[in-house]
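To start, the structure itself, in structure tokens.
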Number of protein chains: 2
Amino acid sequence: MSRVTNTKRVLQELFNQQETSRADIARDLKLNKSTVSSIYNDLDEQGFIEEVRVGHSTNNGGRRPQMIRLDRNYGFVVSFNIGANHLSSMFNFVNGELIRYNRQPIKDSDILSIMQMIKQEIMRMQCANETKHGLLAIGFSIHGIVDNEKIIDSPFLQLQGIDLQQYFEHEFHVPVVLENEANLSATFEHDFYIDHVVKDLISISIHRGIGMGVIANGSLYHGFRGMAGEIGRALTTTDENGHEGALVKVESLCSEDAILKQVRELVGPAKFKQERLADLYRDSADVQAIFNRAARLLAEVAYNAEVCFGPQAVFFNAAIFEELPDFYNNLKQELTKLGGTIPVKMVHGSRLTSLYGCASLSIHRVLQMDGYHLKFKLPKEIQLAD
Amino acid sequence: MSRVTNTKRVLQELFNQQETSRADIARDLKLNKSTVSSIYNDLDEQGFIEEVRVGHSTNNGGRRPQMIRLDRNYGFVVSFNIGANHLSSMFNFVNGELIRYNRQPIKDSDILSIMQMIKQEIMRMQCANETKHGLLAIGFSIHGIVDNEKIIDSPFLQLQGIDLQQYFEHEFHVPVVLENEANLSATFEHDFYIDHVVKDLISISIHRGIGMGVIANGSLYHGFRGMAGEIGRALTTTDENGHEGALVKVESLCSEDAILKQVRELVGPAKFKQERLADLYRDSADVQAIFNRAARLLAEVAYNAEVCFGPQAVFFNAAIFEELPDFYNNLKQELTKLGGTIPVKMVHGSRLTSLYGCASLSIHRVLQMDGYHLKFKLPKEIQLAD
DNA sequence: TATTAGTTTATATAAACAACTAACTTACGA
DNA sequence: TCGTAAGTTAGTTGTTTATATAAACTAATA
């Protein structure tokens, strides 16, 4: 093993254990104590190490270990999600812990003014910075196809030829990472859901469109030209009343946007604005019908994915499920009907998943730990329910 | 880099170039000439190297290189495919080249007598052996679910509790590998179709059942408990005449076995035996209808897979396509109708793909090169057509 | 004579090893 | 109860060993 590899393995150990010691690391990695000691000194010099406390001896006695962990004050990363009406931003310490989450409305959808907001947001945090190295990386959660750090298609955001990565790398002199939103949610579920080792999972995101992120063999799977998991673009027929309908995209029928649009058209814009979605659902069989069809379609899509990938678990990220648990329960029933057998999980706090996933991606990049599994603590704002 | 890694990289280079030289390897791997020289001597001692010819100098002069390649006479591997009526076996040199292919009928389907045949087949080759190390590994192509070298489910072959791996490892003292048939075909397409670099592909096999093998990020994807690609088990409705039918497995409608059974029932056993399948197809609209439905179903399945995985190419391995090209063309049309855009390839010589894939797997195992891409020469008995 | 292939020798890096110090627990005798 | 010896564990400091590189070599060409 080369020095570089061993250093990465020590850093990984430092990251993944709550706290550890040099002796522990040597035992776990089957390295000599002196090797670990040497690498430790390198890492310490770079500011990666925080001494937590002095540990206990065993019952047999012996010198007490100095317990250490990754120093979260090494630096921070920031992630952005440009939504339909809001710009979400999240700052995280290098260990993934939350520093600040913010969600601000976007008045006009002009890309330049959004970029201005992003810049301000970063500069504000840079002023308040108390970490050793400050800003380490910037990440963007993209609602579109991303291949090899390049945005191939961005249906919901007009970029007007602007290269986000290039601009912000020049502005802040740190790496800028771009990744598809569903892929980032999948990354979140893989890296933060660490009670169980899940190396193969799919994560279905339902927001303005529908996307699926895939973790295969413990790492994100992009497919050719980033096309993996583009299930929203799958075609289905609009066969409503028995007679065969036209071929349309799945997401034009059961994305959050599409569903809300159907409900709005059904109940009228006034009532739609006044009442809560849950009330509209409860009181109207017609509204329920819209959701039932969406649930059926989503179940089909999820079932197909389950058969193809044979994952260990399926995750759903959808604010509309949180708002309307009946919708989710309906979907689960439809899935069972089709023959689905894999555990299905629903994320409470789906607004945050792609940002946390983005933080993980940035941190991997900054630490040059791509391909290494870093385990993050599940934030308390997010729950994974059945 | 450690010695072990560098040795593997040199061996990989030796494998993947038709012929090369020490100087070339040093340049390609960016290693020092002396490092390569040292590793070369190790490999030479082990018998991996064959000196081919003395190369040419450049126009500037200079000593001529000694051209070398992997010595195929290092040893051989053997692969078996236990089919419905036949036992296929294939012997390959360590570089993947064919030594012998054999297909013999199985009189009774008793597992013990099949094992006896396998043993004899191997011993016969061991007698004729002229390679340095003889038999290196034994592989089995399994029509069923395999997880982590264990057969989870084998619907077409009654194993009666016999552990193939354990038995043959004890008998011949070489590693025995087990892998799913569709996965092996996918491995073949990945490792032998080397004109284009294809890191993400799916390979659909239609024989007694229907299976899909997946190469993701350049390596075989198994999914949780080997369940990836079990598309034959997907459910579909038997909605024939407008009214909704029962849920049945896809492979119960469009596997080769299922199709032939339907045709036999339609035309009667006598006629089915006498005439060629192509003639039956040409002469009967009813027979065509059976195939058309199968084509539609297969297109659906393939399209779903394409959307989920976003592969660079889709391969079909099916003897029935070779026998009936119209069936395949039909499938391609249906795929286009659904919106498929990915290149589709059909394998001529599909009987051999899983055996060649198995050889690749065994060779990877023997050389301890798992995770390294070894490029094999496409055998002339197999063509990949559009 | 310049150039390239490949080997030999010397040197630097880094991992393992062995022996060390530091700091603890336990057992036991006074 | 105290004190001390024996045993255990953490972590450091030379020393040895493995291995990659660099430099200097030989061999063989245009």
Side-chain angles (χ1 to χ4, degrees), chain A residues 1-14 17-46 48-71 368 372, chain B residues 1-14 17-46 48-71 368 372:
Chain A
M1 295 283 171
S2 76
R3 179 69 161 198
V4 177
T5 313
N6 280 336
T7 304
K8 287 185 184 193
R9 296 209 300 152
V10 171
L11 191 55
Q12 183 183 31
E13 201 69 7
L14 211 55
Q17 305 311 129
Q18 296 290 343
E19 55 175 34
T20 182
S21 67
R22 274 156 281 198
D24 270 335
I25 293 171
R27 268 189 295 269
D28 286 1
L29 301 184
K30 280 163 189 158
L31 289 174
N32 196 282
K33 281 190 295 176
S34 54
T35 306
V36 173
S37 211
S38 161
I39 291 171
Y40 172 97
N41 289 325
D42 287 359
L43 291 174
D44 194 21
E45 223 167 79
Q46 294 172 65
F48 279 114
I49 286 165
E50 181 188 7
E51 300 193 332
V52 190
R53 63 182 182 91
V54 174
H56 293 292
S57 305
T58 65
N59 290 335
N60 307 325
R63 178 174 167 177
R64 296 184 310 187
Q66 175 62 253
M67 303 312 282
I68 53 176
R69 67 177 170 208
L70 183 76
D71 190 354
Q368 298 181 277
Y372 287 78
Chain B
M1 294 288 171
S2 76
R3 179 69 161 201
V4 178
T5 313
N6 280 337
T7 304
K8 287 184 183 191
R9 295 209 298 152
V10 170
L11 191 54
Q12 183 183 30
E13 200 70 7
L14 212 53
Q17 305 313 128
Q18 297 289 344
E19 56 174 32
T20 182
S21 68
R22 275 156 280 198
D24 270 337
I25 293 172
R27 269 188 296 268
D28 285 1
L29 301 184
K30 282 165 188 157
L31 288 174
N32 195 284
K33 282 191 296 176
S34 54
T35 306
V36 173
S37 209
S38 162
I39 290 171
Y40 172 97
N41 289 325
D42 286 359
L43 291 174
D44 193 21
E45 221 166 84
Q46 293 171 66
F48 280 114
I49 285 165
E50 180 187 8
E51 301 192 333
V52 191
R53 63 182 181 92
V54 175
H56 293 291
S57 305
T58 65
N59 290 335
N60 307 323
R63 178 173 165 179
R64 296 184 308 187
Q66 175 62 253
M67 302 312 281
I68 52 175
R69 68 176 170 208
L70 182 76
D71 189 355
Q368 297 182 277
Y372 288 77

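Here the structure is a predicted model, which is why all the values come from computation and not from measurement. Each chain gets a letter, A, B and so on, in the order the sequences are listed, and its residues count up from 1. As a basis for the values below, the full set of heavy atoms in this structure was taken, side chains included, without hydrogen atoms, waters or symmetry mates.
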Atom-pair distance (CG on A/D24; P on D/dA10), nearest Å: 7 Å

Quick one: does B/S57's side chain have a donor or acceptor within less than 3.5 Å of a partner on B/G62's backbone? yes

Could you run down nucleotides 23-30 of chain D 5' to 3' and tag each one B, S or - for protein heavy-atom contact under 4.0 Å? ----BBBS

Would you say a side-chain N or O of B/R22 is under 4.0 Å from OP1 or OP2 of C/dT7? yes

Rounded to the nearest Å, what distance is computed from the CD1 atom of residue A/I49 to the P atom of nucleotide D/dG11? 11 Å

Separation of C/dA23 C1' from A/H56 NE2 (nearest whole Å): 15 Å

How many Å lie between CZ on A/R3 and C1' on C/dA16, as a whole number? 13 Å

Rounded to whole angstroms, how far apart are OH on B/Y40 and P on D/dT19? 20 Å

Value for CG (A/N6) from CG (A/L11), rounded to nearest 0.5 Å, stands at 12.5 Å

Distance, rounded to the nearest Å, where A/D42 contributes CG and C/dA15 contributes C1': 14 Å

How close or far is atom P of C/dA14 from atom CZ of A/R9, stated in whole angstroms? 16 Å

When rounded to the nearest 0.5 angstrom, what is the spacing between CG in B/D42 and CZ in B/R3? 4.5 Å

Does B/R27 have a side-chain nitrogen or oxygen under 4.0 Å from the phosphate oxygens OP1 or OP2 of C/dA5? yes

Would you mind reporting whether B/T20 and B/I68 have side-chain heavy atoms less than 4.5 Å apart? yes

Report the residues that fulfil salt bridge (Lys or Arg N to Asp or Glu O under 4.0 Å) with A/E50, sequence neighbours left out, ordered by chain and then residue number. A/R69

Nearest nucleotide by nearest heavy atom, which residue falls closer to the 5' end of DNA chain C, A/I39 or B/S38? B/S38

Nearest to side-chain heavy atoms of B/Q66, which nucleotide of C/dG6, C/dA15, D/dG11: C/dG6

Below 4.0 Å: OP1/OP2 of C/dG6 and any side-chain N or O of B/S21: yes

From A/E13 CD over to A/I39 CD1, what is the distance, rounded to the nearest 0.5 angstrom? 12.0 Å

Let me know the distance between NZ of A/K30 and P of C/dA16, rounded to the nearest Å. 13 Å

Ignoring backbone atoms, test whether A/N6 places a side-chain nitrogen or oxygen under 4.0 Å from the OP1 or OP2 oxygen of C/dA15. yes

Could you pull out all residues at least two apart from B/S34 that satisfy side-chain hydrogen bond (donor to acceptor under 3.5 Å, both in side chains)? B/N32

